[in-house]
Every structure is written in structure tokens, then in C-alpha cells.
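This report concerns only the one structure given below.
Below, chains carry the letters A, B, ... as their sequence lines are ordered, and counting in each starts from 1. Because the structure is a prediction, the values reported are computed rather than measured. Below, each value reflects all heavy atoms present in this structure, side chains not excepted, and no hydrogens, waters or symmetry copies.
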There are 2 protein chains.
Amino acid sequence: MYPVRNNTMSNIELNDKKIQILEVAEKLFSEKGFEGTSIRDISKHAKINIAMVSYYFGSKERLLEALIIYKTSDLKLQLENLLQENLEPIEKVNKLIEIYINRISCNKGIFRVLHFEINSEKREKSMIAFTELKKGNLKSVESIIAQGQAKGVFRKDVIIPLLTPTIIGTFFHFHMNKPFFVELLNLKTEEMYNNYIKTSLTKHIQQTIKALLVYEN
Amino acid sequence: MYPVRNNTMSNIELNDKKIQILEVAEKLFSEKGFEGTSIRDISKHAKINIAMVSYYFGSKERLLEALIIYKTSDLKLQLENLLQENLEPIEKVNKLIEIYINRISCNKGIFRVLHFEINSEKREKSMIAFTELKKGNLKSVESIIAQGQAKGVFRKDVIIPLLTPTIIGTFFHFHMNKPFFVELLNLKTEEMYNNYIKTSLTKHIQQTIKALLVYEN
DNA sequence: ACAAAAATTAAACAACCGTTTAATTTAAAC
DNA sequence: GTTTAAATTAAACGGTTGTTTAATTTTTGT
């Protein structure tokens with residue numbers, strides 16, 4: 001009669017329809033927020049029946065959980081691969097920044113949701129998954145910096161947990177104020193906007209982190 | 001019969017009850033978002049009748065507008081005063097950072113709303129007010145950096161519009177991930193959290209910006 | 001081809017939403 | 001003290017919300 005739903009985090013079975021719902025949900029959540037998006041909105045855009053969301057995911061809340069898992073699962077892997085690469089410390093940091101920016105750039109929607117919907121109230125389950133992701137990321141950053149410190153290239157008094165806020169925070173603040181910067185920097189097309197991120201903004205962040213890591217005052 | 005409501009931005013008449021509503025609205029908006037907060041929530045916490053919000057502000061949307069004006073009106077003044085002060089360029093930048101952090105720290109709630117509720121759809125009026133604020137802020141930053149460049153203390157190839165994202169973005173990302181950093185840095189009390197911001201985080205940002213402004217590679 | 005499972009649907013559910021109304025109480029003006 | 005305006009209230013408005021139901025269609029396994 002009814003399908004066996006996965007209550008665990010390992011939501012393996014993602015058929016086409018589920019993915020379709022997740023993609024639409026991400027788009028709408030990022031545009032109008034979690035509370036601002038109705039299941040009727042989602043079902044209309046995904047061209048499915050209203051009941052299908054509850055049928056597949058159980059509830060709107062669990063749809064959000066599934067979305068988070070779906071969109072963050074492979075970032076961890078990407079960072080661990082970087083760790084193994086044979087690069088100069090500063091090159092590794094630069095690549096780390098590129099990975100972050102590219103990753104968030106491709107998932108702007110979910111990232112916005114992650115930061116603003118998850119910390120509230122009883123979204124504890126989603127929250128724990130997100131916290132674990134951040135802890136893993138921090139471990140990767142720590143070991144990259146440690147490599148540079150061991151080689152004597154990086155300062156030893158950097159507060160490593162504050163590096164991520166500077167990297168992601170800078171990019172995120174830029175993106176959150178997109179209309180402002182689009183006007184200010186005259187970025188007429190979406191392509192120009194994305195290109196500015198990929199070149200100037202990325203370079204700015206890399207320059208910032210490098211200066212912070214090697215500059216002696 | 002009915003009061004003359006101010007449709008203009010200069011919403012001067014803020015009696016105690018209006019302010020009470022605004023304070024409650026800020027708290028709830030920041031906790032649960034704009035859409036996630038109902039007028040019934042607000043009226044219950046502010047201990048007033050449901051109809052009073054519409055009576056005073058016209059609508060939930062205009063309540064948000066009033067909240068933005070109310071909470072951002074004096075930041076501009078603070079920055080312009082800083083501009084006139086007789087300080088070394090680097091000291092001025094440090095103080096600028098302190099002002100930003102302190103200002104956002106005191107208005108964490110509205111800042112969250114500002115970034116995540118305002119860019120959507122037809123909140124154009126609120127949006128324009130916010131954009132004007134940002135333009136003014138940027139002008140202040142530009143002239144402070146220009147002073148330092150004229151004195152030969154700062155590099156001349158800094159992209160000034162990207163400084164604010166780094167300053168505010170770093171702080172904001174930290175604050176948005178408060179539960180994560182509270183656990184990581186063992187900040188047991190609210191006081192310890194605020195103290196960490198006032199000391200370590202502020203210092204980190206000042207160090208970052210300084211390195212970026214003076215470091216030659 | 002047939003039976004069981006899964007997918008899909010329209011309809012209904014109660015709860016809540018922002019806003020308005022109309023009546024009443026409180027305060028201000030003269 | 002009376003009149004007029006402002007503040008406050010409970011109730012109702014129509015609409016939307018997330019979720020469930022029960023019936024139907026489609027797919028799957030044998």
C-alpha cells in the first residue's frame with residue numbers, strides 16, 4: 001500500500017520524481033524562504049499532486065532535511081581529496097577557497113536556506129547534520145593550515161576556526177547583496193555576475209587569506 | 001476617528017506602544033523569519049490586540065519597513081562622525097570595523113531580516129531604503145581608505161567595495177553559525193559569546209583588513 | 001493474465017493567516 | 001461637562017496553510 005520511508009539520514013532511494021521535487025523545493029525555498037513557500041507552490045512547479053510531497057517525504061519539514069542531505073553529501077569528499085593532493089600550502093589554500101566558492105555558487109539556494117531556516121527551533125535533526133558537515137570541513141582546513149605552518153610558510157598565531165567565516169562570509173555577504181553589487185559594479189548579465197565571482201571576488205578572498213596567513217606586523 | 005498615518009519614510013511619531021511592537025517584531029522576525037512570524041504572535045508577546053498592528057502600521061509589510069527605518073537611522077550619522085575624527089588611517093579603519101560590529105551586534109535581529117527577507121519580490125520600498133544606506137556606507141569607507149592611500153600607508157589596488165563584504169560577512173557568518181561556534185569555542189554563557197566577538201573576532205577582522213590593506217606580495 | 005504493491009489523484013480536514021469591521025472605552029480639547 | 005478624536009477590543013472575513021483520506025490508476029512480480 002504505502003512505501004517504506006527512510007527515516008534515517010541515509011536516504012538512498014532517490015527516484016526521478018523525488019529529485020524533481022527536491023530541485024523545485026530548493027529553487028522556491030531560496031527565493032521565498034521555507035515558510036514563504038507552500039507545498040502547493042512546490043507541487044505546481046514540479047507538476048505533481050499536492051499529496052506527493054507528504055507521500056514521498058512525510059512532511060514539509062522532512063523534505064527540508066532530505067534537501068540538505070541531498071545537496072551537501074559530496075562536499076566532504078571533495079575536501080578530503082584536496083587534502084591528499086601534492087601542492088604548495090598557499091596553492092592548497094587557494095584551491096580550498098575555489099572549492100568553497102564553486103560549491104556554494106552551484107548551491108546558492110540551499111545555502112541560503114541552510115543559514116537562515118535551520119537555526120530556528122526544533123529543526124534539530126537538520127541542524128545536527130549541518131553541524132557535522134561544518135566540523136568535517138574545519139578538520140580539513142586545520143590540516144591544510146598545519147601543513148603550511150610546518151613548512152614555515154604560514155604564521156602560527158592564526159585562529160583557524162575564523163578563517164572559514166572570512167572565506168564563506170565574504171562570498172555570502174556579496175551574494176546576499178547581489179542587487180546592490182550588480183548595480184554598483186555594472187554587472188549587466190547573469191554571466192557577468194558569475195564571472196565577477198569567479199575572477200575578482202575569488203581573487204580578493206584568496207588575497208585576503210594569504211595576507212592574513214603570511215603577513216607579519 | 002482614525003489617525004493620520006505616515007506613509008513617508010520619515011516616520012517620526014513613535015509612541016511607546018509602537019516602539020514596543022517594533023521591538024517584539026524584531027525579536028520574533030529574527031527568530032522565526034518574517035513569514036514564520038504571525039501578527040498574532042507579535043500581538044501576544046507585545047500584549048496588545050491583534051488589530052493594533054494594522055491600526056498603527058497599516059500592514060505587516062509596512063511594519064517591516066518601519067522596523068528597518070527605526071533600526072538603521074543612526075548608523076549613517078555614526079560613520080560620518082568617524083570620518084571627521086583626527087586619527088591615523090589604520091586606526092580609523094579599526095574603529096570603522098568596531099562600529100560595524102557593535103552596530104550589528106546590537107541589532108542582530110533586524111540585520112538577519114534585512115538580508116534574507118528584503119531581497120524577495122515586491123519588498124521594493126524597504127529594499128530601496130536599504131540600498132541607500134549601503135551606498136552611504138560605501139562612500140564613508142571609500143573616503144577613509146582614500147585618506148590612507150594619500151598618506152602612502154595603504155595599497156592602491158584594493159577593491160574597496162569588497163572590503164565591506166569581508167568585514168560584515170565574516171562577523172555575520174560567525175553569528176549565523178552561533179550554535180556551532182559556541183560549542184567549538186566552549187562559549188558557555190551569552191556574556192562569553194559577546195565577549196569573544198568584542199575581543200577575538202573583532203581583532204581577527206581588523207588583522208585581516210590591515211593585512212589586506214598594507215601587505216605587499 | 002492476474003494479484004499485490006506502488007503511484008497518483010481530487011477532495012476534505014482543521015488550523016491558521018493578515019486584515020477589516022463595528023462597537024466600546026479612554027483621552028483630549030474647549 | 002460636553003464634544004470630538006484616538007485607542008482598544010472581540011468578532012468575523014475570506015483565503016491559505018500542511019496534512020490526511022479514500023478512491024483510482026499504473027506498475028510490478030509471477
Side-chain angles (χ1 to χ4, degrees), chain A residues 1-7 11-22 24-26 28-29 31-67 113 117-118 120-123 125-126, chain B residues 1-7 11-22 24-26 28-29 31-67 113 117-118 120-123 125-126:
Chain A
M1 204 61 161
Y2 297 98
V4 181
R5 267 196 295 274
N6 264 356
N7 285 341
N11 208 333
I12 312 162
E13 14 176 358
L14 283 178
N15 57 48
D16 291 352
K17 209 133 252 175
K18 270 189 168 185
I19 292 180
Q20 184 188 355
I21 295 174
L22 287 173
V24 170
E26 177 185 18
L28 295 182
F29 285 169
E31 283 171 11
K32 322 199 281 178
F34 180 74
E35 314 276 0
T37 304
S38 71
I39 293 190
R40 280 167 181 83
D41 269 346
I42 297 173
S43 60
K44 196 178 287 176
H45 282 84
K47 283 162 193 161
I48 49 143
N49 188 273
I50 322 166
M52 292 305 289
V53 174
S54 290
Y55 177 74
Y56 272 134
F57 298 97
S59 69
K60 196 188 174 188
E61 204 69 37
R62 293 239 292 278
L63 168 64
L64 177 60
E65 285 175 31
L67 181 57
V113 177
E117 311 282 3
I118 244 185
S120 62
E121 283 147 79
K122 50 183 179 176
R123 294 215 224 293
K125 218 170 170 185
S126 308
Chain B
M1 208 57 163
Y2 298 99
V4 181
R5 268 197 293 274
N6 264 355
N7 285 341
N11 207 332
I12 313 163
E13 14 175 358
L14 283 178
N15 57 48
D16 292 352
K17 210 133 249 173
K18 271 190 167 183
I19 292 180
Q20 184 188 355
I21 294 173
L22 288 170
V24 170
E26 177 185 19
L28 295 182
F29 285 169
E31 282 171 12
K32 323 200 278 178
F34 180 73
E35 314 276 359
T37 304
S38 71
I39 292 189
R40 281 167 181 82
D41 270 346
I42 297 173
S43 59
K44 197 178 288 176
H45 281 84
K47 284 161 193 160
I48 49 142
N49 188 273
I50 323 165
M52 291 306 287
V53 173
S54 291
Y55 176 73
Y56 271 133
F57 297 97
S59 70
K60 197 187 174 189
E61 205 69 36
R62 292 238 294 276
L63 168 63
L64 177 60
E65 285 175 32
L67 182 57
V113 176
E117 310 283 3
I118 244 184
S120 62
E121 284 145 79
K122 51 180 176 175
R123 293 214 225 293
K125 216 171 170 187
S126 308

Heavy-atom side-chain proximity of K18(B) to F57(B) below 4.5 angstrom: yes
Minimum side-chain heavy-atom gap M52(A)-Y55(A) below 4.5 Å: yes
Net bend of the helix from dA1(C)-dT30(D) to dC30(C)-dG1(D), end axes of five pairs each, nearest 10 degrees: 20°
Non-neighbouring partners of K17(B) that pass side chain to side chain contact (heavy atoms under 4.5 Å, CB included), sequence neighbours left out: N15(B), Q20(B), I48(B), Y56(B)
All side chain to side chain contact (heavy atoms under 4.5 Å, CB included) counterparts of I50(A), not counting sequence neighbours: I39(A), R40(A), S43(A)
Closest heavy-atom pair and its distance - T37(A), L28(A): OG1-O, 3.2 Å
Exercise: identify the closest heavy-atom pair between I42(A) and A25(A): CD1-CB, 4.3 Å
Residues which pass side chain to side chain donor-acceptor pair (under 3.5 Å) with N49(A), listed by chain and number, not counting sequence neighbours: none
Value in whole Å for how far the [atom2] atom of [N] lies from [atom1] of [X]:
X      : N       : atom1 : atom2 : answer
D41(B) : dG18(C) : CG    : P     : 8 Å
I42(B) : dG18(C) : CD1   : P     : 8 Å
K47(A) : dT8(C)  : NZ    : P     : 15 Å
M52(B) : dG18(C) : CE    : P     : 17 Å
K18(B) : dT8(D)  : NZ    : P     : 12 Å
Q20(A) : dA7(C)  : CD    : C1'   : 14 Å
L28(B) : dG18(C) : CG    : P     : 12 Å

Nucleotides 18-20 of chain D: which of its N/O atoms have a protein N/O under 3.5 Å away?
from    : atom 1 : to     : atom 2 : distance (Å)
dG18(D) : OP1    : T37(A) : O      : 3.3
dG18(D) : OP1    : K60(A) : NZ     : 2.7
dG18(D) : OP2    : I39(A) : N      : 2.8
dG18(D) : N7     : R40(A) : NH1    : 2.7
dG18(D) : O6     : R40(A) : NH2    : 2.8
dT19(D) : OP2    : K60(A) : N      : 2.9

CZ-CG distance between F34(A) and L63(A), expressed to the nearest 0.5 angstrom: 7.0 Å
